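Predicted, not measured: the structure shown is a model, and the values here were computed from it. When a ligand or atom number is given, it counts from 1 through the structure's own listing order.
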Amino acid sequence: MDPCIETRRRLIKLLQMAYSGEKSAALAYEGHSGSVRNEEEKLAIALIAQEEWEHRQVVGQLLASLGEGPNPWREAIQTLIGYIIKPACYLSGWFFPMLGAWLLEEMNVNEYATAQGYAQFLGLLDFVAELEVLSVKERSHADYFKAKSLSGQGFMSKAFVQLFQLADAMRNRFTYQK
Ligand SMILES: [Fe+2]
Ligand SMILES: [Fe+2]
């Protein structure tokens with residue numbers, strides 16, 4: 001198969017995933033923002049939710065400029081996921097939504113970086129620039145939730161930090177040093 005056709009197909013699929021994923025993330029963060037008590041966290045997460053809605057608009061425009069639109073199944077599934085997570089944030093305590101958000105944002109960073117690679121291959125330079133902005137913003141979201149996840153004072157947070165530090169120490173111990 002023509003590599004350009006295949007790469008274009010992959011880019012469209014990834015953008016459709018991102019478009020719908022932004023919706024579930026925005027809905028989830030609306031719940032997350034409502035569920036935390038700390039005012040700084042409430043405002044920061046509400047701003048992140050707003051930014052996810054904005055990302056969705058940008059990705060929608062990229063899809064439209066390729067003559068494509070959202071995938072209806074992905075839309076249905078991610079909307080459902082968003083509406084499940086939104087109220088669940090009120091029941092799941094402080095730590096797990098922070099950790100879940102961190103992991104989700106790390107995936108988003110990779111998703112946009114991969115899409116950027118496809119766009120580069122296809123010579124879509126305006127896409128590359130837009131996707132770079134999205135990727136950088138998702139990195140800032142990931143860093144925020146990472147810092148939060150590692151700063152918790154509850155039992156689960158502290159146990160997780162211990163595990164995280166242990167995994168880091170083991171990775172350094174077994175990484176080949178030149
Ligand atoms: Fe986003
Ligand atoms: Fe994000």
Asks: Under a 4.0 Å threshold between the charged nitrogen and the carboxylate oxygen, would Glu75 count as salt-bridged to Arg56?
Replies: yes

Asks: Strictly below 4.0 Å, N to O, side chains only: are Arg139 and Glu106 in salt-bridge contact?
Replies: yes

Asks: Fit a plane to each ring of Phe145 and Tyr29, take the angle between them on a 0 to 90° scale, and name the class: parallel (under 30°), tilted (30 to 60°) or perpendicular (over 60°).
Replies: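 Parallel, since the angle between the ring planes stays under 30°.
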
Asks: Taking Glu39 first and then Lys42, would you say they form a salt bridge - that is, a charged N and a carboxylate O separated by under 4.0 Å?
Replies: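 Answer for the salt bridge query: no.
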
Asks: So, 2.8 Å as the limit: is an N/O/S atom of His141 located closer than that to the Fe ion (ligand 2)?
Replies: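 Checking His141: at least one N, O or S atom is under 2.8 Å.
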
Asks: Centroid-to-centroid, Trp102 to Phe164, below 6.0 Å?
Replies: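 Yes: the rings meet the under 6.0 Å criterion.
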
Asks: I'd like to know: is the Fe ion (ligand 2) within the 2.8 Å range of an N/O/S atom from Glu22, strictly under that distance?
Replies: no

Asks: Restricting to N, O or S atoms, which atom of Glu52 is closest to the Fe ion (ligand 2)?
Replies: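 Looking at Glu52, the N, O or S atom with the least distance to the Fe ion (ligand 2) is OE2.
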
Asks: Quick check: does Glu138 have an N/O/S atom under 2.8 Å of the Fe ion (ligand 2)?
Replies: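 An N, O or S atom of Glu138 is closer than 2.8 Å to the Fe ion (ligand 2), so yes.
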
Asks: Please name the atom of His55, limited to N, O or S, that comes nearest to the Fe ion (ligand 1).
Replies: ND1

